[in-house]
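Please read the structure below before turning to the comments.
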Amino acid sequence: MPSNLAALPALSTQYFKPKHAPTDTLNEIGSLRASIWQDNQHSDRQKACQQVWLEEADQDAHLWAVTSDTGMIATARLCISSTLSHLPEQELYDGLELPAPFATMGRLVVVPSWRGKGIASALIRERLNLCDDLGVKSLLLDCPEHRVPVMQRYGFSALKLPQVGILFPDTRFVVMGRFN
């Protein structure tokens, strides 16, 4: 799959179809997630994220890993399902009547020293393009309140009022959707 990240020098992007990411790559993704969330210094996050933050959904997800010459610097996940009940954190979507198939974008992290270089934007576009290619009708996500304006620029709109996070109760999240 071509990468929008190819324009950034000295970076390599790997895309993994569901069940195709090697164990060592999955562990590196989990370690990066945990370190980024822990760096935010929120006590609830530190409890949820120990050394490695991997979930059952990662095995069945489309995954992206961006590396530089110093190691992994960013990662993102896309989960696709024909039913809302099979999506990660499905309780977020209770009460929503949406067209199938569904996808959720999540677990986007970028190492702080690499932020502001377009990596997150490129990973968002990669996932949007894959959803278009696969005929996803309802693309969902939950993001911290402060990121809502960013996701609105990609065509997402709020579907529910802000709510306390499932894994991170010290952060309020907004469920958002984009529909094809």
Worksheet item: Where the side chain of Arg178 meets the backbone of Tyr154, is there a donor-acceptor pair that is under 3.5 Å apart?
Response: yes
Item to complete: Return each pair, listed once, that meets salt bridge (Lys or Arg N to Asp or Glu O under 4.0 Å) where at least one residue sits in residues 71-80; pairs must be two or more places apart or across chains.
Response: Glu55-Arg77, Asp58-Arg77
Worksheet item: Can you list every salt bridge (Lys or Arg N to Asp or Glu O under 4.0 Å) pair that touches residues 86-97, not counting sequence neighbours?
Response: Glu89-Arg107
Worksheet entry | Min side-chain heavy-atom separation Leu78-Leu139 under 4.5 Å | yes
Discussion item. I'd like to check Phe173 versus Thr171 (side-chain heavy atoms, cut-off strictly below 4.5 Å). Are they in contact?
Written reply: yes
Worksheet item: About how many Å separate CG of Leu87 and CD1 of Ile80, when rounded to the nearest 0.5 Å?
Response: 9.5 Å
Discussion item. Would Ile73 and Ile119 count as a side-chain contact (heavy atoms from CB on, under 4.5 Å) here? Give the steps.
Written reply: CA-CA 9 Å; Ile73 60 163; Ile119 296 168; 3.7 Å; yes
Item to complete: To the nearest 0.5 angstrom, please state how far the CG atom of Leu92 sits from the CG atom of Leu140.
Response: 9.5 Å
Worksheet item: How close do Pro99 and Phe179 get, heavy atom to heavy atom, and via which atoms?
Response: CD-CD2, 4.5 Å
Discussion item. I'd like to know whether Leu159 forms a side-chain contact (heavy atoms from CB on, under 4.5 Å) with Leu96, so could you lay out the CA-CA distance, the side-chain angles of the two residues, the decisive distance to 0.1 Å, and finally the verdict.
Written reply: CA-CA 8 Å; Leu159 302 177; Leu96 297 177; 4.0 Å; yes
Discussion item. Run Phe156 and Val175 through side-chain contact (heavy atoms from CB on, under 4.5 Å) and show every step you take.
Written reply: CA-CA 10 Å; Phe156 286 87; Val175 173; over 6 Å; no
Worksheet item: Would you say the side chain of Lys160 lies within less than 4.5 Å of the side chain of Met176, judging by non-hydrogen atoms?
Response: no
Worksheet item: Any sub-3.5 Å donor-acceptor pair from Lys17's side-chain atoms to Leu63's backbone N or O?
Response: no
Practice prompt. Enter the distance from Cys79:SG to Glu56:CD here, rounded to the nearest 0.5 Å.
Written response: 11.0 Å
Item to complete: Examine distances only and state if a side-chain atom of Asp142 and a backbone atom of Val174 form a donor-acceptor pair shorter than 3.5 Å.
Response: no
Discussion item. Under a 3.5 Å distance rule, please check whether His146 uses its side chain to pair with a backbone N or O of Pro144 as donor and acceptor.
Written reply: no
Fill in: Gap between atom OG of Ser157 and atom CE of Met151 - 0.5 Å precision
11.5 Å
Worksheet item: Do the rings of Trp64 and Tyr15 sit parallel, tilted or perpendicular, given the 30° and 60° boundaries?
Response: tilted
Worksheet entry | Donor-acceptor pair, side chain of Ser121 and main chain of Gly118, under 3.5 angstrom | no
Worksheet item: What is the minimum heavy-atom distance between Ala74 and Leu32, and which atoms define it?
Response: N-CD2, 3.6 Å
Fill in: Shortest non-hydrogen contact between Glu145 and Pro162, atoms and distance
OE2-CG, 3.2 Å
Worksheet item: What pair of heavy atoms forms the shortest contact from His86 to Ser81, and how long is it?
Response: CB-OG, 3.2 Å
Practice prompt. Examine distances only and state if a side-chain atom of Ser31 and a backbone atom of Asn27 form a donor-acceptor pair shorter than 3.5 Å.
Written response: yes
Worksheet item: When you check the side-chain N and O atoms of Ser85 and Tyr93, is any donor under 3.5 Å from an acceptor?
Response: no
Response to the item:
The reported gap from CH2 in Trp114 to OG in Ser68 (rounded to nearest 0.5 angstrom) is 4.5 Å
Worksheet item: How many angstroms lie between CG in Asp24 and CD1 in Ile29, if you round to the nearest 0.5 Å?
Response: 10.0 Å
Item to complete: Give the intermediate values and the outcome of side-chain contact (heavy atoms from CB on, under 4.5 Å) for residues Arg127 and His62.
Response: CA-CA 9 Å; Arg127 294 180 291 168; His62 298 264; over 6 Å; no
Worksheet item: Is any side-chain heavy atom of Gln59 less than 4.5 Å from a side-chain heavy atom of Leu54?
Response: no
Response to the item:
All heavy atoms of Ala76 vs all of Leu108, minimum pair found to be CB-CD1, 3.9 Å
Item to complete: Please examine the side chains of Val66 and Met72, heavy atoms only from C-beta on, and report whether any two atoms are closer than 4.5 Å.
Response: no
Practice prompt. Taking all heavy atoms of Pro112 and all of Ile36, pick out the closest pair and write down the distance.
Written response: CD-CD1, 3.7 Å
